[in-house]
Amino acid sequence: MFRKTRLFTPGPTPLLPAAQFAMAAADVHHRTPEFRALYSKVLEQMKTFVGTRNDVLLLTCSGTGAMEASVSNLTSPDDEVLVLSAGKFGERWTAIAKAFHCNVTTVSKAYGQTFAMDEIKAQLKPTTRVVYMQATETSTGARHDVEGVAKLLRGTDTLLVVDAITGLGTTALDVDGWGIDVIIGGSQKALMIPPGLAYMAVSDRAWKRMESSRQPKYYFDLPKERKSAAKGEASYTPPVALIAGLGAALDHLAQQGAGDLAKGRDLLIQNAESCAAMTRAAARALGLELFAPNSPGAAVTAIKAPAGISSDDVVKSLKSRFGAIVANGQGDMKGQLFRIAHLGYFDYLDTIALIGALEHVMSTITPGKFQIGDALRAAQSVFSERTQKTAVAQPA
Ligand SMILES: *Cc1c(COP(=O)(O)O)cnc(C)c1O
């Protein structure tokens, strides 16, 4: 049969057609009133998307650039920082903070696990300047308790920086209510546009902290970027096409919410949660275990390969037989698990189709463990339950 190539990877994710058209048409110079109007509009919409009254900045880089900026702008050499690490992206915080000569303490958990609040509390000191964490650890599929960590920091001078690069648009995060000082996202995740743009919302406390930072910085000078943004500009040449695509994606979300972008964003989150719940039910029906069973997030579902089998086989068969691109494990986790994304432009049919394909692949790899149709039935009944619930919850 024909195979259509489809991404089920947790970044890059499938592109929204309206965003692709906007990008193709974006033949605009960045120092013009036309571009300033677009940039200012997108920055304002991004506040709503993130759910904050804080300033939102766009940076021309992948998500890691914004992670680096939140170390280089908020710390000074020898500052004590605490990193919560239970996966490849937690490890990235440690590496970046060390590169800027911070004095790093880590609360480390095994891959697939999450943190207990008393373990974090035990490592927090009055001298801890910043806590760095992930909202969702994309390498393991785990969701971390951002609200719990924010509560531990309430009333202290410790800043909270959250890599929500796959958390935004998949997870309910009350940025201002909980007191998240910096929250970071990336274009190639839930926003349905290509890689190349990172964004971050910055609190008043964090702006204040930057005044005393003694780290070297040039391109990622956030106070400078803030001044440019206030004029509807970026400090350097911005990725004009990506910003046009972002504008189209945000307009699309607003349309989904009947004109209300916050509502459209909430629908995007519910959508990811439904796709994730269907996928977890399907995995169980296939006799497969989750990699992060205690705290699975909605951005991506990480599924363990069966004993004695490499996840390489699952990843390769899904691609060669069905054109479905899922992610393997990262680093030491390669071969142990495969990851199916739900963030951004996925729907019921995408999810059901992938689960159907996974049944065919697993029936070849582990024959006799389940009947064809078991996983689809499990996913369909999750879908029925969830849509029934929302149908009841929504007044006519
Ligand atoms: C994708 C991702 C990043 C950023 O990766 P880039 O390749 O730099 O965009 C960081 N943290 C998490 C949790 C991610 O999923």
Side-chain angles (χ1 to χ4, degrees), residues 7-13 62-64 67 82-96 106-117 119-120 131-149 161-171 173 184-186 188-190 272-273 275-284 286 288-307 309-312 314-315 318 325-344 346 354 358:
L7 291 181
F8 288 93
T9 44
T13 60
S62 78
T64 306
M67 292 171 75
L82 185 66
V83 171
L84 313 185
S85 178
K88 297 310 289 178
F89 293 103
E91 290 165 14
R92 190 167 298 178
W93 275 134
T94 302
I96 297 170
T106 49
V107 177
S108 295
K109 299 294 280 187
Y111 292 161
Q113 301 299 308
T114 190
F115 315 98
M117 290 304 124
E119 296 165 328
I120 299 169
V131 172
Y132 292 100
M133 70 179 298
Q134 270 67 38
T136 48
E137 173 51 79
T138 317
S139 66
T140 68
R143 178 200 307 262
H144 297 321
D145 181 5
V146 178
E147 184 179 14
V149 176
V161 176
V162 180
D163 161 3
I165 295 176
T166 55
L168 284 155
T170 65
T171 311
L173 297 161
I184 301 170
Q188 80 275 34
K189 310 284 179 143
E273 282 171 348
C275 294
M278 287 167 67
T279 305
R280 290 194 297 270
R284 276 193 294 275
L286 296 174
L288 298 172
E289 286 175 38
L290 298 180
F291 192 75
N294 301 325
S295 179
V300 61
T301 298
I303 301 173
K304 277 192 195 173
I309 294 190
S310 169
S311 60
D312 298 13
V314 181
V315 174
L318 279 170
I325 317 295
V326 302
N328 206 322
Q330 284 172 261
D332 294 344
M333 289 175 273
K334 187 169 186 313
Q336 291 182 38
L337 60 106
F338 58 99
R339 294 173 295 149
I340 299 167
H342 321 296
L343 70 173
F346 293 106
L354 183 72
L358 186 60

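- Sorted by first and then second residue, the side chain to side chain donor-acceptor pair (under 3.5 Å) pairs involving residues 294-303 (not counting sequence neighbours) are T301-H342.
- Inter-residue side-chain proximity for I165 and M67 is flagged as met; some heavy-atom pair is nearer than 4.5 Å.
- Contact of the I120 side chain with the V149 side chain is registered, since non-hydrogen atoms from C-beta on lie closer than 4.5 Å.
- Here the side chains of L358 and F338 are in contact, with some heavy-atom distance below 4.5 Å.
- K109 pairs by the side chain to side chain contact (heavy atoms under 4.5 Å, CB included) definition with A86, Q113, F115, E119, not counting sequence neighbours.
- Shown here are the side chain to side chain contact (heavy atoms under 4.5 Å, CB included) partners of D145, two or more places apart in sequence or in another chain: M117, E147.
- With hydrogens and angles ignored, the 3.5 Å screen pairs no side-chain donor or acceptor of W93 with any backbone N or O of L84.
- Under the side chain to side chain contact (heavy atoms under 4.5 Å, CB included) criterion, T106 pairs with V83, T94, V104, S108, sequence neighbours left out.
- Every residue two or more places apart in sequence or in another chain that forms a side chain to side chain contact (heavy atoms under 4.5 Å, CB included) with A190 is listed here: L268, L343.
- The shortest side-chain heavy-atom distance between Q330 and F89 falls under the 4.5 Å cut-off.
- Evaluation of the salt bridge (charged side-chain N to carboxylate O under 4.0 Å, His left out) test over residues 87-96, restricted to residues two or more places apart or in two chains, returns K88-E91.
- Put simply, the side chain of L168 does not reach to within 4.5 Å of the side chain of K189, judged on heavy atoms.
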